[in-house]
Amino acid sequence: MSKKVSRRTFTKVAGAATLASTVKLPLFGSATPPPQASASRDFPAGFIWGTATASYQVEGAVKEDGRGPSIWDTFSHTPGRVVNNATGDVANDHYHLYKSDVQLMKSLGVKAYRFSIAWPRVFPNGDGPPNPKGLDFYNRLVDELLANGIQPFATFYHWDLPQSLQDRFGGWEGRETSKAFADYAGYVAARLTDRVKHIFTINEFGAFIEVGYRRGIHAPGLKLTGLRLNQTRHHAVLGHGLAVQAIRAAAKPGTKVGLAENITIASPVVETPAHVAAAERAFREMNAQYLTVIQEGKYTDWYLKSAGADAPKFTPEDLKVISSPLDFVGINVYTTDFVRADESQPVGFSFVPRPKSFPHAPSFWLYVAPEALYWGPRHVAKLWNAKEIYITENGCSAADEPAADGRVNDTDRVTFLRSYLTQLHRATAEGVPVRGYFLWSLMDNFEWSDGYTNRFGIHYVDYATQKRTPKLSADFYREVIARNAVL
Ligand code: GBH
């Protein structure tokens, strides 16, 4: 269906929807508007639809304009760490192709773009002298976005830690890194917030620490345990809090600051009041080291008790810094665990084991569970009274292959998105204050230790030519945005 035809159809059905909301029509029958016309599928007015990417996953140009090495350069160049020994050396060459990539966004009709800033472009050694040429790239990108009517939302840390900080301080193992992060954040905020009004400090504490410093699967490839691990976790949230303060001190008035965390989500196995209450308790504990301490200004009793002598060392002042008030909470939502009420357990819940047959995307960890996009924001709103929530990532990998006619018919991704957005709609309809949604990702890109094997984009990327092709899911998303409704 061409865009033109569908817009016309839209006007027609939109009229019918107005009618449907005032006159009670029979559920079925000739007078019934088609289901997609139902006003009950609408998102709140002004909802911000966007797409997201991250620096190391798309930029390439790793040695250009004075960029220093990051832990991901080192890691991806270590044989055996990434599938097919792929690296981000070139990736999507977004560093050079950003103007045409902004046009891709424009043709989707997105209102906002979430990108990340590569710390080692701005401070090649992490601290010390800045490299203004590195920041210039983001100045050009921001100007290009604004010229095309797209709001820039900037993430200051999406895992590409300057290698020098890893070498000198053990990266996030060292408190020096938290301090360096704040200095870098203040420096960038002072220079971008005349145009960038939304900042995310850190992307996914729960991923880069757990996968990079505990399990050794991501950079820097460490397997810390005990006190060293808990202290590293503490330094990550401390770095966030120090950065919030530095950004507030340096930013132009009207700048909003938050984070983007891949909260571990607990969904009630069945929606009874007892299981819902258990899911809320579970959610607090499962995020104890990250979002919970950031929101509550203290570690949960259960976390400290379980850690025992390995509990992180901190001062009351640390906790104050970590819980510096935020303007919004960003959450990356992909999947959920299921829990049930269980009074025999210390916190009153237990996990319901996932059967082997539970469906998942090609990324083995991505269990398809749309209710994550209801319970995630609902827990954040209910437990911590968050006033503004953004879904900073949601999307899925798929085994995309262009058909003979060149189209990429990713009906699986469309179904995934439709199901998840239906659950998000349920949340907004109940008044959960979700202000926007960023689809991961604008285009296929470097999927960390999976290299280029798992594609998450709504644009297909041919890495040999750098050609981008909209997938069926891009057409779907364009309609969602145009109608501000899930269809
Ligand atoms: C997000 O992480 C990231 O922010 C983004 O950069 C990424 O491209 C996107 O999702 C899709 O993956 O190999 O067993 O250690 C989502 C949360 C945390 C899920 C790390 C994968 C690694 C699993 N991710 N996890 S494992």
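Indexing begins at 1, ligand by ligand and atom by atom, following the structure's order. Any value given below was found using the heavy atoms of this structure, including those in side chains, with hydrogens, waters and symmetry copies removed.
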Nitrogen or oxygen of [X] less than 3.5 angstrom from that of ligand 1:
{"X": "N445", "answer": "no"}
{"X": "R215", "answer": "yes"}
{"X": "E447", "answer": "yes"}
{"X": "N262", "answer": "no"}

message: On the six-membered ring of Y460, is R455 placed so that its NZ or CZ lies under 6.0 angstrom from the centre and within 45° of the ring axis?
response: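 So R455 does make the cation-pi contact.
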
R114 NZ/CZ over F153 ring centroid, <6.0 Å and within 45° of normal
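No - R114 does not lie over the ring of F153 by the 6.0 Å and 45° rule.
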
| request: Measure from atom 5 (C) of ligand 1 to every heavy atom in H218, E393, E210 and give the option owning the shortest one. | output: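 Residue with the shortest heavy-atom distance to the ligand atom: E393.
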
For [atom], what is the closest protein heavy atom, and at what distance to 0.1 Å?
{"atom": "atom 18 (C) of ligand 1", "value": "A207 CB, 3.6 Å"}
{"atom": "atom 17 (C) of ligand 1", "value": "E204 OE1, 3.5 Å"}
{"atom": "atom 9 (C) of ligand 1", "value": "Y334 OH, 3.4 Å"}
{"atom": "atom 23 (C) of ligand 1", "value": "W365 CD1, 4.0 Å"}

4.5 Å side-chain heavy-atom contact, N332 and N394
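The answer is no, as the side chains (C-beta and beyond) never meet within the 4.5 Å cut-off.
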
- request: For atom CZ of R354, decide whether the heavy atoms of other residues, nucleotides or ligands shown that lie under 6.0 angstrom number more than 12.
  value: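 Buried by this count: over 12 neighbours within 6.0 Å.
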
Say whether [X] and [Y], considering side chains only, have a donor N or O and an acceptor N or O under 3.5 Å apart.
{"X": "Y113", "Y": "T53", "answer": "yes"}
{"X": "H218", "Y": "E210", "answer": "no"}
{"X": "D167", "Y": "Q163", "answer": "yes"}

For [X], counting its heavy atoms only, list the atoms of ligand 1 lying under 4.0 Å from any of them.
{"X": "I217", "result": "13 (O), 15 (O)"}
{"X": "V211", "result": "15 (O), 20 (C)"}
{"X": "Q57", "result": "5 (C), 6 (O), 7 (C), 8 (O)"}
{"X": "W159", "result": "3 (C)"}

Let's go through Y56 and F446 carefully: what are the C-alpha distance in whole Å and the side-chain angles of both, what is the deciding distance for ring pair (Phe, Tyr, Trp, His ring centres under 6.0 Å) to 0.1 Å, and is it a yes or a no?
CA-CA 8 Å; Y56 191 71; F446 177 78; 5.4 Å; yes

Quiz item: For the residue pair W159 and F75, is the inter-centroid distance of their aromatic rings smaller than 6.0 Å?
Solution: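 No, the ring of W159 stays outside the 6.0 Å limit from the ring of F75, centre to centre.
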
* Just let me know how N203 lines up against ligand 1, side chain, backbone, both or neither, with a heavy-atom cut-off below 4.0 Å. =>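 Just the side chain.
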
